[in-house]
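This report concerns only the one structure given below.
On a predicted model such as this, the values are computed, not experimentally measured, just so you know. Order of the sequence lines sets the chain letters (A, B, ...), proteins ahead of strands, with each chain counted from 1. Atom set for the values below is all heavy atoms of this structure, side chains included, hydrogens, waters and symmetry mates excluded.
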Amino acid sequence: MDERQAPEVASLSFEDAFQELDATVLRLEAGDLTIEGALALFERGQQLAAHCSAILETAGLKVEQLTSEGEIVEVNLD
Amino acid sequence: MTGFSRQSRIRSQVPVPRKNGYKLTSMSMLFRDIQYDSHTWSVSELTSYIRELFDIDFRLQDVIVSGEISNFTRARSGHFYFTLKDERAQLKCVMWQSSAKRLGFDPGDGDAVIAQGHVSVYEAGGVYQLYAESLEPAGRGDLAMAFEELKETLASEGLFDESHKKLIPEIPRKIGLVTSADAAALRDILNVLSRRWPLVSVLIAPALVQGREAPPQIIRSLQWLDGRNDIDTIIITRGGGSLEDLWAFNDPSLARAIFAAQHPIIVGVGHQTDFTIADFVADLRAPTPSSAAELAVPEQAEYKAAITAFEAAMNSSMVNFLREKRSLLNGLTRNLKLLSPRAALDNNRQQVDWLISRMDKAMRSILDGRQSQLSVVSATLETMNPVATLARGYAILRKVDGHIIHSINDVVKGDLFSVQVLDGRFGAKVIEEEQWTKDKLRK
């Protein structure tokens, strides 16, 4: 089992969460786990999947633009 | 246009207009009217006649004409209206939307173009005009040669080598965008990014994308973005235009700036058929601005599908896992019953009981033995009890310090001592002493 302290799912970026989800599925599929380990992985995998979906659902394109004065301003997309 | 098809007209009609003897079936009625009635023409009739004259001239059915565009108008319907002119003459032109949408560039006033189409009369307007079917920038030949020359030079310098192409990140967090700030291409790109991967953020570094000022501006914006450390991918883009419009993207300095950039660069300029030097030196060439956006980010639907698939895989893995563990557990339970230590335990218990009873017996016999020994010993002890000895008439003599007197050497004449008999004691004094030899002791 991976004994390193796993970071809070909610704090993960999409890429990290997705990557960990991928790895979690692989480990679950490989079996070779204790029941406690499998349950913990399964639970975390579900959290990761929900987190990824939530990020996709709520994301909105952020657009900024460099002005001629050299400032970066946010562009409002209507 | 007349009611019959242009092709059949071209093939079947004799294109020699003569005053008498027109054989055109469609015009025979008209001619009869003109020839034999002293007819005053209506404007429509005359105009229609003139249009027929144009339409039977097969040379006018397919012409190629070069000139400069002026009064260019793009109607809301998508049709183009413009005038082609040279130093001495003008030609009104129309290009229907069906042809206009296939154009590889955005025509505009002042463009030198070569148009192909047929000439006919627009009766309602009383004008003859070119119905253009295709349009391309004139002078393409010269530019094309310059382009090929530059392309070869840069290729020989290795600017287009595949080995220098950087990988485009699968999931960029921030995309740098070099384009004209108000172009339709920008809106297309933002739409595509927003639809496909709204997680990304975009930083626009505006630049002129045509004209002499364009290359240095594009380079400056590119280098500004490239110098940042929060950018994953840079897109350089411009919508469709004439070869001249796109010429900024053939600038050798821009090519070298793209080559020198640290970040992966996608170039999407013009339409699918337009190739610029920037396209060749880019890490990835996109045929259009919106496809540049498509190549820059993943499609969220694919990731959503993957997440759903992961969830399903986890569920079935978990179900299988638990099922396996359960059947393993059942198997073990069965084995456990077969190999149960209870039987052995029962055996052992009996053995223990037997051992305990044996031990009891042994202990008892030992104790019994000890008991009889003890009786003998206590009888012996009884005989050795000094009280019994005293009863037989012996006495115990002790010095004043309590020590028992064993030997004549323990005392000297005049010592006081105590004498214990069976039922009491009394004091005494040594009045004489005599040491006996061994012989005398035996007696």
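Applying the ring pair (Phe, Tyr, Trp, His ring centres under 6.0 Å) rule to pairs touching residues 202-221 of chain B yields nothing, sequence neighbours excluded.
By number of non-hydrogen pairs under 4.5 angstrom with chain B, the leading residue of A:Gln46, A:Glu57, A:Gln65 is A:Gln65.
B:Asn315 touches chain A through backbone and side chain together, each having a heavy atom under 4.5 Å away. With a 4.5 angstrom heavy-atom cutoff, B:Gln300 touches chain A via backbone and side-chain atoms both. Only the side chain of B:Lys325 comes within less than 4.5 Å of a heavy atom of chain A; its backbone N, CA, C and O stay farther away. Interface remark: B:Ile175 contributes no atoms to any contact with chain A (heavy atom separation under 4.5 Å). Of the two parts of B:Phe310, the backbone and the side chain both hold a non-hydrogen atom closer than 4.5 Å to a non-hydrogen atom of chain A. Proximity to chain B is absent for every atom of A:Leu48, based on heavy atoms less than 4.5 angstrom apart.
By the 6.0 Å contact criterion, CD on B:Glu299 is enclosed, its count of non-hydrogen atoms from other residues, nucleotides or ligands being greater than 12.
For the pair B:Arg326 and B:Phe321, the cation-pi test (distance below 6.0 Å, angle within 45°) is failed.
Under 3.5 Å, the side chains of B:Gln262 and B:Asp226 contain no donor-acceptor pair of N or O atoms. No side-chain N or O of B:Asn320 forms a donor-acceptor pair with one of B:Ser317 less than 3.5 Å apart.
Under a 4.0 Å N-O distance rule, the pair B:Lys174/B:Asp230 qualifies as a salt bridge.
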